[in-house]
Amino acid sequence: QAQLVESGGGLVQGGGSLRLSCAASGRTFSSYAMGWFRQAPGKARDFVAAISWRGGTTVYADSVKGRFTISRDNAKNTLYLQMNSLAPEDTAVYYCAADSMIFRSGLIRSPAAYNYWGQGTQVTVSS
């Protein structure tokens, strides 16, 4: 059974950094774009970043551009999100997800395009 498992969340002071990982098991996701989303309490799940299946193309939400970096290691079947200059408004549960379409040429920001999701990892940024 395919599974995505996030790790690396935690409590960090404002201005600090965290690196999230998303390990895939049960199948390979190397032919699928991958994305990171986040959900704060009482809010909708928001797009954070996405990366193409080959890793050559990335897209970011405006709120994280220049601070976060998405990357992937297809040999390890693992997705990453390096988060720098964290701010309290970045506090949320972070989810990784796999695109539903194999070899998609573009990157999609809508959660509806992703059909495999991890269980989420909590990121809390103190002021």
Quick one: are [X] and [Y] in side-chain contact, heavy atoms under 4.5 Å?
{"X": "L86", "Y": "L18", "answer": "yes"}
{"X": "M34", "Y": "L4", "answer": "yes"}
{"X": "F68", "Y": "I70", "answer": "no"}

Which heavy atom of L107 sits nearest a heavy atom of A33, and at what distance?
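Heavy-atom minimum between the residues: CD2-CB, 3.8 Å.
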I need the minimum non-hydrogen distance between I108 and A113, along with the two atoms involved.
CG2-CB, 3.4 Å
Donor-acceptor list for residues 38-45 side chains, cut-off 3.5 Å, not counting sequence neighbours:
residue	atom	partner	partner atom	Å
R38	NH1	D90	OD1	2.9
R38	NH1	Y94	OH	2.9
R38	NH2	S63	OG	3.4
Q39	OE1	R45	NE	3.4
Q39	OE1	R45	NH2	3.4
Q39	NE2	K43	O	3.0

By the side-chain hydrogen bond (donor to acceptor under 3.5 Å, both in side chains) test, which pairs, at least two apart or in different chains, include something from residues 51-62?
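Passing the test, one end in residues 51-62: D62-K65.
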Going by the side-chain hydrogen bond (donor to acceptor under 3.5 Å, both in side chains) test, which pairs reach into residues 103-117, not counting sequence neighbours?
D99-R104
Salt bridge (charged side-chain N to carboxylate O under 4.0 Å, His left out) pairs touching residues 14-25, sequence neighbours excluded, are none
Please enumerate all residues that pass ring-ring contact (aromatic ring centres under 6.0 Å, His included) together with F47, with sequence neighbours excluded.
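Partners of F47 under the ring-ring contact (aromatic ring centres under 6.0 Å, His included) test: F37.
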Can you pull the disulfide (SG to SG under 2.5 Å) pairs that have at least one residue in residues 26-70, sequence neighbours excluded?
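Every candidate disulfide (SG to SG under 2.5 Å) pair involving residues 26-70 fails, so no pair, neighbours aside, qualifies.
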Do any pairs count as a disulfide (SG to SG under 2.5 Å) and have a residue in residues 59-127, sequence neighbours left out, and if so which ones?
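Counting only pairs at least two positions apart or across chains, the disulfide (SG to SG under 2.5 Å) contacts touching residues 59-127 are C22-C96.
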Spell out, yes or no, whether [X] and [Y] are grouped together once hydrophobic residues are joined by side-chain heavy atoms under 4.5 Å, including indirect joins.
{"X": "V59", "Y": "Y32", "answer": "no"}
{"X": "M83", "Y": "I51", "answer": "yes"}
{"X": "Y95", "Y": "L81", "answer": "no"}

side-chain hydrogen bond (donor to acceptor under 3.5 Å, both in side chains) against [X], all qualifying residues, sequence neighbours excluded:
{"X": "Q122", "value": "T124"}
{"X": "S30", "value": "T28"}
{"X": "S17", "value": "N84"}

Is the side chain of [X] donor-acceptor paired with the backbone N or O of [Y] at a distance under 3.5 Å, no angle test?
{"X": "N74", "Y": "N77", "value": "no"}
{"X": "E6", "Y": "T121", "value": "no"}
{"X": "R72", "Y": "L79", "value": "no"}
{"X": "S31", "Y": "F29", "value": "no"}

Tell me, with the steps shown, if V123 and L20 meet side chain to side chain contact (heavy atoms under 4.5 Å, CB included).
CA-CA 9 Å; V123 171; L20 304 184; 4.1 Å; yes
